[in-house]
Amino acid sequence: MDSTASTVIFRHQSDIHVGIQTVNYDRNAIGYIEQGTKLIHLADRHVIVRAGELFHLERGTHYVENSPSDSSHPFRQTLFFYTPSDLRNDFTPQQTVAAVNRQCAQCRNRTDIYTYPAWPVIQEFFRSVDRLVSARLHLSNPALGHLKLCELVQLLLTRPGCCVCRPVCLAASNGPQTLSEVMRENILTGRPLPELAALCEMSLSTFKSEFQRRFCTSPHKWLIEQRLAHARLQLISSSKSVAEIARECRFNNVSHFIRLFRERFGSTPAAYRIRYREE
């Protein structure tokens with residue numbers, strides 16, 4: 001992946017199933033699965049993205065599992081990595097962004113991972129991207145990658161109800177970061193609530209009430225739940241020690257972490273890892 005460019009096009013193929021992998025994205029990503037199946041793991045469940053479907057992932061840490069269809073059909077995906085500034089141009093006027101945001105305001109998605117079946121025009125678009133990447137033209141002329149991103153966004157906007165438009169238009173808006181974006185980017189940072197509220201341009205009391213409305217729990221309980229979820233996924237996707245995982249997930253007391261983990265998942269972290277590997 002060329003990190004010197006703003007918009008980055010990344011095409012990935014895998015011939016074998018390697019289990020859960022941890023990926024860290026410093027930009028948002030719009031993806032398309034050409035072959036195989038992608039599982040995006042969350043807490044104690046997962047989102048499935050199948051061949052012929054689009055998906056969107058916000059920047060941050062994700063736990064993914066890419067599965068080929070069979071030995072002769074490898075897993076294949078194309079990802080567009082972008083920053084909000086990439087979307088703020090004459091091709092994507094703010095009135096269009098605002099209209100889509102209004103249309104999607106009642107979306108009941110609670111995972112912030114959006115998927116949608118690709119339609120023929122989008123499928124043809126990604127075939128053209130494949131030709132561009134195969135010719136490596138986007139590497140010698142980064143502007144081509146940005147133009148393809150603009151084309152993709154415009155095509156998405158032509159499809160009423162395309163859920164992938166929701167996070168894209170939120171990123172393109174000129175307003176403050178959304179509450180969801182702020183929280184998911186700061187699960188493991190340890191920032192105090194007043195700072196998180198300030199990032200959302202809210203008072204602390206407004207932040208807490210809006211959080212309760214959005215997530216049906218308190219910020220503290222939500223953060224503990226998310227950190228335990230990260231810990232669970234680290235246990236089954238890495239060889240790190242329980243103490244290392246506890247520290248990375250902002251649990252300074254290992255005994256306290258083990259107790260909370262047992263309460264949430266029904267066994268100690270070490271026992272959970274052994275049980276998972278035996279399944």
Side-chain angles (χ1 to χ4, degrees), residues 1 3 10 12 14 17-29 31 38-47 55-66 79 81 83 110-113 167 177-200 207 211 214-215 217-279:
M1 187 170 72
S3 61
F10 178 67
H12 168 70
S14 177
H17 178 233
V18 296
I20 299 175
Q21 298 174 290
T22 305
V23 294
N24 297 291
Y25 294 160
D26 62 358
R27 310 172 195 186
N28 296 340
K38 186 183 198 74
L39 272 64
I40 304 168
H41 289 267
L42 308 161
D44 53 359
R45 59 196 178 91
H46 56 257
V47 173
F55 64 95
H56 186 279
L57 290 175
E58 294 181 350
R59 64 180 184 176
T61 301
H62 301 281
Y63 300 88
V64 301
E65 193 170 359
N66 301 327
L79 295 169
F81 290 96
T83 65
R110 292 289 177 178
T111 67
D112 291 319
I113 296 172
Q177 284 185 285
T178 66
L179 185 148
S180 178
E181 288 174 331
V182 168
M183 294 304 296
R184 295 191 186 280
E185 288 179 13
N186 286 281
I187 290 171
L188 304 180
T189 63
R191 280 185 168 178
L193 291 186
E195 286 189 20
L196 299 179
L199 289 172
C200 297
F207 174 83
F211 191 96
R214 173 70 172 83
F215 293 102
T217 188
S218 70
H220 175 73
K221 289 181 179 178
W222 186 88
L223 285 169
I224 293 296
E225 175 72 14
Q226 295 301 312
R227 289 167 183 172
L228 288 171
H230 274 268
R232 184 190 79 86
L233 291 165
Q234 281 289 310
L235 281 168
I236 64 179
S237 65
S238 77
S239 59
K240 295 174 183 176
S241 70
V242 171
E244 285 179 298
I245 292 172
R247 286 193 299 270
E248 287 185 14
C249 295
R250 306 294 301 184
F251 296 102
N252 296 325
N253 185 304
V254 178
S255 297
H256 181 58
F257 163 66
I258 293 173
R259 180 176 64 80
L260 289 174
F261 191 94
R262 184 192 292 116
E263 290 175 357
R264 175 63 179 85
F265 296 108
S267 64
T268 66
Y272 189 94
R273 172 179 269 169
I274 292 170
R275 190 177 74 220
Y276 178 84
R277 289 177 177 174
E278 289 177 346
E279 290 179 352

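Computed from a predicted model, the values in this text were never measured in an experiment.
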Quiz prompt | Residue pairs fulfilling salt bridge (Lys or Arg N to Asp or Glu O under 4.0 Å) with at least one residue in residues 246-257, sequence neighbours excluded | solution = Lys240-Glu248
Quiz item: Can you list every salt bridge (Lys or Arg N to Asp or Glu O under 4.0 Å) pair that touches residues 221-235, not counting sequence neighbours?
Solution: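 Every pair satisfying salt bridge (Lys or Arg N to Asp or Glu O under 4.0 Å) with a residue in residues 221-235: Glu225-Arg264.
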Within this structure, what is the [atom1]-[atom2] distance for the pair [X] and [Y], rounded to the nearest 0.5 Å?
X      : Y      : atom1 : atom2 : value
Leu233 : Ile20  : CG    : CD1   : 6.0 Å
Leu235 : Arg275 : CG    : CZ    : 11.0 Å
Met183 : Phe215 : CE    : CZ    : 7.0 Å
Leu228 : Ile245 : CG    : CD1   : 12.0 Å
Ile236 : Glu65  : CD1   : CD    : 8.5 Å
Ile40  : Arg45  : CD1   : CZ    : 11.5 Å

Practice problem: For residues Leu223 and His220, determine if any side-chain heavy atom of one lies less than 4.5 Å from a side-chain heavy atom of the other. | Solution: no
Mind listing the closest non-hydrogen atom pair of [X] and [Y] along with its distance?
X      : Y      : value
Cys200 : Phe207 : SG-CE1, 4.1 Å
Ser239 : Arg277 : CA-NH2, 4.4 Å
Ala246 : Val254 : CB-CG2, 4.4 Å
Ala270 : Val242 : N-CG2, 4.3 Å

Just distance, no hydrogens or angles: give the donor-acceptor pairs under 3.5 Å from side chains in residues 189-196, sequence neighbours left out.
| unit_1 | atom_1 | unit_2 | atom_2 | d |
| --- | --- | --- | --- | --- |
| Thr189 | OG1 | Asn186 | O | 3.2 |
| Thr189 | OG1 | Asn186 | OD1 | 3.0 |
| Thr189 | OG1 | Arg191 | N | 3.4 |

Exercise. Name the orientation class of the two ring planes belonging to Tyr25 and Phe81 (parallel below 30°, tilted from 30 to 60°, perpendicular beyond 60°).
Key: perpendicular
Exercise. If the plane angle is over 60° it's perpendicular, under 30° parallel, otherwise tilted; pick one for Tyr272 and Phe261.
Key: perpendicular
Quiz prompt | Test salt bridge (charged side-chain N to carboxylate O under 4.0 Å, His left out) applied to Glu58 - qualifying residues, sequence neighbours left out | solution =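 Result, salt bridge (charged side-chain N to carboxylate O under 4.0 Å, His left out) vs Glu58: none returned.
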Quiz prompt | Non-neighbouring partners of Arg262 that pass salt bridge (charged side-chain N to carboxylate O under 4.0 Å, His left out), sequence neighbours left out | solution =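 Arg262 satisfies salt bridge (charged side-chain N to carboxylate O under 4.0 Å, His left out) with no residue once adjacent residues are dropped.
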Quiz prompt | All side-chain contact (heavy atoms from CB on, under 4.5 Å) counterparts of Asn253, not counting sequence neighbours | solution = Ser255, His256
Quiz item: Can you name the residues that form a side-chain contact (heavy atoms from CB on, under 4.5 Å) with Ala271, not counting sequence neighbours?
Solution: Ser267, Thr268
Qualifying residues under side-chain hydrogen bond (donor to acceptor under 3.5 Å, both in side chains), relative to [X], sequence neighbours excluded:
X      : result
His12  : none
His62  : none
Thr83  : Ser85, Asp86
Arg273 : none

Practice problem: Please list all pairs passing the ring pair (Phe, Tyr, Trp, His ring centres under 6.0 Å) test where one or both residues lie in residues 229-251, with sequence neighbours left out. | Solution: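 The answer is Tyr63-His230, Phe251-Phe257.
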Practice problem: Count the heavy atoms of every other residue, nucleotide or ligand shown that sit under 6.0 Å from CG of Asn252, and state whether that count exceeds 12. | Solution: no
